[in-house]
Amino acid sequence: MKKIHVIENIPDGLRTVKSHLSDISGDYSVFNSVGDALSAGGTSDLVILLAQRNLDYFRRDMETLCKSNSFSRIPLIVCLPFSASEASPLKDIIHGTTSFELPVNKLKFLSTVSRYLKVPPRRVLQMVITIQSSDDNIKYTGTSIDFSENGMAFKSNADFPVGHKIMVNFVNPATRRRLFLKAKVIRRTDIRHDSVAFYGVTFVNAAPEDSLELRSFVTGGK
């Protein structure tokens, strides 16, 4: 599991950002200052920093992170609580650093986070899905567990072996569009004393428009 350090000098100053991370099961730890993050030790794969409005303090935070043996080589995303005009004096401080003005654009922000972590965005969401085998027209129902741009996990009483090809369809709640996605079973775990099994599938040959809709769905966009 990838680790994210969220540093916010204002209590819950990155509340929306943390909510976005939770939507994709981002495992993050919250710190009140750069010093607290350094003192905590441990490893991190990404740092998300809320810029302080006092530019001297913000510059100090950036210099501390850049000089730290623990953080200097870790990707950094800076969230700016400034308007575009107010952010102008920050150019020399954030030069070469990925930054987002608050409120962040959710789709772009999560895409950037996923790129730095080298993992596909993942959304945990339980909803009813329909599954159809490639061998017949029989339809089964299931309950989703999580989604990514590459596949999903779900549970169902359907009986599919690993390697079996299926069609999964569900509705994107944000757009009300129904997605029909071809998939291949790559993992199956049976539950003892129950007819339900947990499945992991990978999507195959998705149309470009379906891929865009799926990306928007996974990151919670519209």
Side-chain angles (χ1 to χ4, degrees), residues 1-126 146-149 173-174 215-222:
M1 176 71 73
K2 301 288 187 175
K3 302 291 184 181
I4 305 171
H5 278 25
V6 176
I7 304 174
E8 49 182 14
N9 54 83
I10 299 173
D12 230 10
L14 293 175
R15 180 178 66 251
T16 304
V17 165
K18 291 182 290 187
S19 175
H20 295 340
L21 294 175
S22 296
D23 284 349
I24 61 168
S25 300
D27 184 14
Y28 63 86
S29 300
V30 180
F31 301 93
N32 296 324
S33 69
V34 170
D36 287 348
L38 291 173
S39 299
T43 59
S44 176
D45 300 288
L46 174 67
V47 175
I48 300 175
L49 172 69
L50 174 61
Q52 299 202 51
R53 284 190 168 274
N54 183 306
L55 296 189
D56 290 334
Y57 292 163
F58 177 39
R59 189 186 301 276
R60 182 195 61 193
D61 284 345
M62 292 292 288
E63 290 177 350
T64 300
L65 287 173
C66 291
K67 293 178 180 179
S68 166
N69 291 331
S70 302
F71 289 91
S72 60
R73 297 183 181 180
I74 297 173
L76 170 66
I77 295 177
V78 176
C79 295
L80 304 171
F82 307 97
S83 64
S85 59
E86 291 178 310
S88 182
L90 300 174
K91 289 182 179 179
D92 67 314
I93 304 177
I94 61 175
H95 178 71
T97 303
T98 300
S99 62
F100 288 87
E101 290 183 22
L102 294 175
V104 300
N105 178 292
K106 184 175 183 179
L107 181 58
K108 292 182 179 179
F109 176 76
L110 291 181
S111 294
T112 300
V113 169
S114 299
R115 186 177 74 251
Y116 279 145
L117 296 180
K118 298 180 181 179
V119 297
R122 185 169 296 276
R123 180 177 184 181
V124 176
L125 178 65
Q126 290 191 351
D146 59 32
F147 299 82
S148 75
E149 294 182 37
R215 178 179 300 174
S216 176
F217 167 72
V218 169
T219 56
K222 294 184 179 181

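Keep in mind that the numbers below use all heavy atoms, side chains included, and drop hydrogens, waters and symmetry copies.
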Asker: For Phe217 and Phe147, take the angle between the two ring planes, folded into 0 to 90°, and tell me which bin it lands in: parallel under 30, tilted 30 to 60, perpendicular over 60.
Answerer: perpendicular

Asker: Nearest 0.5 Å please: distance from the CG atom of Asn105 over to the OG atom of Ser111.
Answerer: 8.5 Å

Asker: Is any NZ, NE, NH1 or NH2 atom of the basic residue among Asp45 and Lys118 found under 4.0 Å from an Asp or Glu carboxylate oxygen of the other?
Answerer: no

Asker: Please find the pair of heavy atoms, one from Val78 and one from Ala51, that lie closest to each other, and give the distance.
Answerer: CG1-CB, 4.0 Å

Asker: Got a second to check how far Gln126's CD is from Asp146's CG, nearest 0.5 Å?
Answerer: 10.0 Å

Asker: As an exercise, state the distance from CG of Leu65 to OG of Ser72, rounded to the nearest 0.5 Å.
Answerer: 9.5 Å

Asker: What's the spacing between Ile74 CD1 and Thr43 OG1 if we round to 0.5 Å?
Answerer: 7.5 Å

Asker: To check you understand the geometry: which heavy-atom pair defines the closest contact between Val218 and Glu149, and what is its length?
Answerer: CG2-N, 4.1 Å

Asker: For His5 versus Gly41, what's the shortest heavy-atom pair and its separation?
Answerer: NE2-O, 4.2 Å

Asker: Backbone N or O of Lys108 within a donor-acceptor pair of the Thr112 side chain at under 3.5 Å?
Answerer: yes

Asker: Please determine if Arg53 forms a cation-pi arrangement with Phe82, meaning its NZ or CZ atom is less than 6.0 Å from the six-membered ring centre and no more than 45° off the ring axis.
Answerer: yes

Asker: Is there a side-chain contact between Thr16 and Val104 (heavy atoms, below 4.5 Å)?
Answerer: no

Asker: Would you check if Phe100 and Val17 make a side-chain contact, meaning some heavy-atom pair closer than 4.5 Å?
Answerer: no

Asker: Would you say that Leu49 contacts Phe58 through its side chain, given a criterion of any heavy-atom pair below 4.5 Å between the two side chains?
Answerer: yes

Asker: Please give me the minimum heavy-atom distance between Pro75 and Leu46, naming the atom from each residue.
Answerer: O-CD1, 3.3 Å

Asker: Taking atom CG as the centre, does Asp92 end up with more than 12 heavy-atom neighbours from other residues, nucleotides or ligands that are less than 6.0 angstrom away?
Answerer: yes

Asker: Whether the side chain of Asn9 engages the backbone of Leu50 through a donor-acceptor N/O pair (distance < 3.5 Å, no angle test) should be reported.
Answerer: yes

Asker: Would you call the rings of Phe109 and His20 parallel, tilted or perpendicular, taking 30° and 60° as the class edges?
Answerer: tilted

Asker: Is a side-chain N or O of Ser19 found less than 3.5 angstrom from the main chain of Arg15, in a donor-acceptor match?
Answerer: no

Asker: Residues in side chain to side chain donor-acceptor pair (under 3.5 Å) with Lys3, at least two apart?
Answerer: Asp27

Asker: Is the shortest heavy-atom distance from the side chain of Tyr57 to the side chain of Arg60 under 4.5 Å?
Answerer: yes

Asker: Nearest 0.5 Å, what's the CD-CG distance between Glu8 and Asn32?
Answerer: 7.0 Å

Asker: What's the separation between atom CD1 in Ile77 and atom CG in Leu14, rounded to the nearest 0.5 Å?
Answerer: 11.0 Å

Asker: Hey, which of Ile48, Ile94, Val47 is the one that makes side chain to side chain contact (heavy atoms under 4.5 Å, CB included) with Leu76?
Answerer: Val47

Asker: Can you confirm whether Asp61 sits close enough to Ile7 that some side-chain heavy atom of one is under 4.5 Å from a side-chain heavy atom of the other?
Answerer: no

Asker: Can you give me the closest heavy-atom contact between Ala40 and Phe31, atom names plus distance?
Answerer: CB-CE2, 3.4 Å

